[in-house]
Structure formats: structure tokens, C-alpha cells
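The figures here come from the full heavy-atom set of this structure, side chains too, leaving out hydrogens, waters and symmetry mates.
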Amino acid sequence: SQGRQLHSLVLKLGLHSNTFIQNSLINMYAKRGSIKDAQLLFDACPTLNPISCNIMVCGYAKAGQLDNARKLFDIMPDKGCVSYTTMIMGLVQNECFREALEVFKDMRSDGVVPNDLTLVNVIYACSHFGEILNCRMIHAIAIKLFVEGLVLVSTNLMRAYCLCSGVGEARRLFDRMPEVNLVSWNVMLNGYAKAGLVDMARELFERVPDKDVISWGTMIDGYILMNRLHEALVMYRAMLRSGLALNEILVVNLVSACGRLNAIGDGWQLHGMVVKKGFDCYNFIQTTIIHFYAACGMMDLACLQFEVGAKDHLESWNALVSGFIKNRMVDQARKIFDDMPERDVFSWSTMISGYAQTDQSRIALELFHKMVASGIKPNEVTMVSVFSAIATLGTLKEGRWAHEYICNESIPLNDNLRAALIDMYAKCGSINSALQFFNQIRDKTFSVSPWNAIICGLASHGHASMSPDVFSNMQRYN
């Protein structure tokens, strides 16, 4: 390559000991991803210097070698703003957000002043913890350093506030910004839309100059989120009239909304547009259209869409199986399931759920055992259906085995699965086991489902007098 030729020329001319040229070569190899070549050159340096160290830290981080990056960062001399920012950026890029904030704290402790790029990365890290106090702290530092007015810093702060449920603070910052760009407008729009404040988003949207597809898409998604499909479709048509082209993501969101709200006519129109624009070549759009027709109870059209699409796309097979199950056409679902060239956890879970929902519990459990034998690991959704089937059959021994299975396989417990376990023990005649399990998990619950399950179990076993106490505890916990 040209880079290696230049390196050879440097050696030939005897310039390899020149620090500037040496650093340039290290930088070239690091940016090309040739981290071993960069490291060989770096190791040949007679002394550590901050510039070459910064280059190598950046190179290690880009290559995902964070341990090497951190080891070098910890021993490098004269760490300044660039060094700290490089390390923080590397950690953020590799989604090590807590470690990035720790390095920033060290930076402040060492008296090194951050710059706007440092703060942008720290703000991004803060936004992943949902703690608005961190956002306020970084905001205060930005004001102190006189960088709050920079559009890059303010826009990222707005985004962080919105992600940390501080839409009001984001708007106050937006209104104070001396300069806003289209990204700033879109971030504020998205904050309102995601918070369900779609009318405030619409008011702001009308003021956005030079709206792009993101501006329109954010408004459309906001209306969809609030199940205001008519207004979403009005916005979609207005967007087309403005001359902007619809993208595939918006199509998926609109068609999915039509399915959820049983808007058959609007869904048909969107399907026609999909064909006209050639979007039907995308597998994920084919899957969305199958889901739409299935949700509207039109399985003949769902099958037709499946037939004209690609047969090597697992999600399309899963969509058809799921559609038949939702329409309680379990035999047809099983036929498609048996014909599938491959199956994943969703395929198996959907089919097991179909049998459990239609009181074919024995077949559901037989299929579950086949799933385990095939090497596919069940998830919490699978196990909810399994416990439902066991509860219907009343087979306590199988219930205990399934409980032990999820413990041995480290299948995570969510509230639906906790409730299913309690319900299973109660219906299999072991209210003591139900109570014992409930007492183990009640401090970890996030919803009322497990509480409802134990109250119903107690009542069905003639312990209705205990239910008020459990209900009172539920009110305290929730």
C-alpha cells in the first residue's frame, strides 16, 4: 500500500527518528486499523511523549482494545485535555459510559479543564443513566466554561435532558440558544414526541424552518405513539406534498399502526404505495405487511403477501405463524411451523403459546420438550406459556421441574413470568409453594401482576381472609 511505501521511504532516508514523522506513521497505521504495526512503531520510540500516547490510546479504543488503551493512558506523561478527551471518547464509543464518567471525574480532580468535545461525550454518557442531576451538573460546567452557547454542546444537552425526563429544562435551554440548527429543532421535537406531548411538538413543528424527513417523521411517529392515526396520516400526506420522499422506516411505522388500530383502508393504500415505490423488495417491509393483514384478520391476504415474498427470510415465516395464532387458527400455524426451513426462539414460543391459549396444553408441553431437545434455549416468554399449560393440566411435578429448569438455565424473571409461576403453583394445588415463591420475589416486582396472582391464588384456596393483608402490602410497595 502507499502507506507502507512511504514508511519504507522514511527508513531509506533515515528520517525514522524524527518525532513528528514517527507520530505521523503511528497515526497512519492506527487510523487504517493496523494496530499491531502502530504498536511496533510506538514501542520503538525512545521515550513516551503525550502526542504518540494520544494517538495510540485513540487507536486502541477504535480497535476495541480498551484494556490496552487504559493501561497506556494510566502511565502516559503530561496528561492534558486532549489525552483525557481521547480516553473518554474511546470509552463512550465502546459504550463504557460509567467508566467514561469516572475518567471525567479524574480529569476534574487533576485540574485539567475540559473543552466542548469533552463535554459532548460526557453528556452522551450521562444520558444513558436517566439521572437528570448529572445533566444539570454538566450543564453548570458548560456555563462556567462559556461553552453553553455552542450549538453542539447545547443540542447534546437538550437531548440528554429529554432522555432523562427533563423536557421542560430542554425547552428552556432551547429557547435561550443564541444559534439553533435543524438538528436542534429535531431534538426538541423528538423530546416532546417521545414524552407524549404531541400537541406541543406540533406547535414547535410549525415553526421549524426547512423541515427535513426527520422533522416530518418525528411528528408522524409522535401521533402514532398516541394512537392518533388519522393525524399521522394527514402529516404523511402533507409530507409527500412538500416534495420529500417517504423512507422505509416511516412506512413500517405507519403500516404497523394501521394493523394495531384495524385501519384496513389506510393500510391498503399504504400497501399500494409500497408496491409503487418498490419498497416491497425489503424483507422487513414484507414482514410488516404480513403482520398488518394478520392483525386485521385477513389471513388470506397475509398468506398471499408471504407467497410473493422471499422464502429465506425467517421473520416472514414467524409473522405468518404468529398471524395464524392470533386468529386462533392453530392447525394452519402448525403446518407453516412444520414447513419452516429454520426456527428460532420466537418461532417455538409462538407455537407453544398458540397451543397453551387454545387449551391444548399437553401438545404445548410436548412441543416445549422438542424445543429444548433441538438446542434452542427458551426465554421468559416461552416459559410463561409453559407454566400456563402446566397450570391448566394441574401437574405439580412437571411444574416443579419447569421451575428448577429456569433456575438452572438462568432464564431471567420478569413480572409476567413471576405471576405465571405463582398461578401455576396455586392451580396445581400447592398454595404454600406459591406463597414461598411470592415472598422471595415480592421486593423485586415492578408491576401488580405477581400480587394479583397471589391474591387470586389465596382466594381460590379458601384463604380470602389473607388477601386484604397482601393487598395492603401491594399498595405500600407500589
Side-chain angles (χ1 to χ4, degrees), residues 95-99 101-102 125-134 163-166 194-196 345-346 348-350 352-353 356-357 364-365 368 371-372 376-461 463-478:
E95 300 185 358
C96 298
F97 303 116
R98 197 169 295 283
E99 292 90 332
L101 294 180
E102 289 299 322
C126 284
S127 68
H128 285 78
F129 296 104
E131 297 170 2
I132 200 165
L133 286 176
N134 282 340
L163 289 172
C164 297
S165 304
K194 289 289 191 291
V345 65
F346 182 88
W348 288 94
S349 299
T350 304
I352 292 167
S353 170
Q357 289 169 19
L365 293 180
F368 167 67
M371 175 186 185
V372 173
I376 300 291
K377 183 180 177 179
N379 60 19
E380 54 270 36
V381 177
T382 324
M383 297 310 298
V384 167
S385 297
V386 169
F387 284 118
S388 174
I390 293 170
T392 301
L393 293 170
T395 50
L396 181 59
K397 184 179 178 182
E398 191 142 28
R400 293 195 190 282
W401 175 87
H403 189 177
E404 187 179 344
Y405 176 82
I406 65 171
C407 295
N408 292 339
E409 295 297 319
S410 302
I411 295 172
L413 285 169
N414 59 22
D415 279 357
N416 285 339
L417 184 50
R418 292 179 179 118
L421 256 165
I422 294 165
D423 183 63
M424 178 274 295
Y425 277 126
K427 287 181 177 175
C428 289
S430 182
I431 191 63
N432 288 335
S433 296
L435 268 171
Q436 184 182 1
F437 175 70
F438 172 75
N439 288 328
Q440 289 171 3
I441 57 90
R442 69 177 185 176
D443 295 344
K444 302 171 187 174
T445 59
F446 296 97
S447 71
V448 298
S449 298
W451 295 83
N452 288 341
I454 194 64
I455 289 170
C456 290
L458 288 168
S460 66
H461 280 262
H463 302 296
S465 59
M466 295 175 65
S467 296
D469 292 336
V470 176
F471 182 75
S472 298
N473 286 331
M474 178 182 73
Q475 288 182 312
R476 283 201 297 273
Y477 275 94
N478 293 281

- Of all pairs that satisfy salt bridge (charged side-chain N to carboxylate O under 4.0 Å, His left out), the ones with a partner from residues 414-424, not counting sequence neighbours: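 Listed once each, the pairs are Asp415-Arg418, Asp423-Lys427.
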
- Taking only residues at least two apart or on different chains, which pairs with a member in residues 431-441 satisfy salt bridge (charged side-chain N to carboxylate O under 4.0 Å, His left out)?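 Salt bridge (charged side-chain N to carboxylate O under 4.0 Å, His left out) check on residues 431-441 returns no pairs.
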
For [X], check side chain to side chain donor-acceptor pair (under 3.5 Å) against everything at least two apart and list the hits.
{"X": "Glu380", "value": "none"}
{"X": "Glu131", "value": "Asn134"}
{"X": "Asn416", "value": "none"}

- Item | Listed partners of Glu99 passing salt bridge (charged side-chain N to carboxylate O under 4.0 Å, His left out), at least two apart |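 Result, salt bridge (charged side-chain N to carboxylate O under 4.0 Å, His left out) vs Glu99: none returned.
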
- Message: Distance alone, cut at 3.5 Å: any donor-acceptor contact between the side chains of Thr382 and Asn379?
- Response: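 Yes.
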
- Set of side chain to side chain contact (heavy atoms under 4.5 Å, CB included) partners for Glu404, sequence neighbours left out: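 In terms of side chain to side chain contact (heavy atoms under 4.5 Å, CB included), with neighbours along the sequence ignored, Glu404 is linked to Asn408.
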
- ring pair (Phe, Tyr, Trp, His ring centres under 6.0 Å) against Tyr405, all qualifying residues, sequence neighbours excluded: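 For Tyr405 the ring pair (Phe, Tyr, Trp, His ring centres under 6.0 Å) partners, ignoring immediate neighbours, are Phe368, Trp401.
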
- Residue pairs passing the ring pair (Phe, Tyr, Trp, His ring centres under 6.0 Å) test where at least one lies in residues 415-436, sequence neighbours excluded: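 Every ring pair (Phe, Tyr, Trp, His ring centres under 6.0 Å) pair that includes a residue of residues 415-436, provided the two are not neighbours, is His403-Tyr425.
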
I'd like a table of donor-acceptor pairs (distance under 3.5 Å, sequence neighbours excluded) in which one partner is a side-chain atom from residues 383-397, with atom names and distances.
from   : atom 1 : to     : atom 2 : distance (Å)
Thr392 : OG1    : Ser388 : O      : 3.0

- Item | Note, Ile406 side chain near Leu413 side chain (heavy atom, < 4.5 Å) |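 Answer yes - side chains close enough.
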
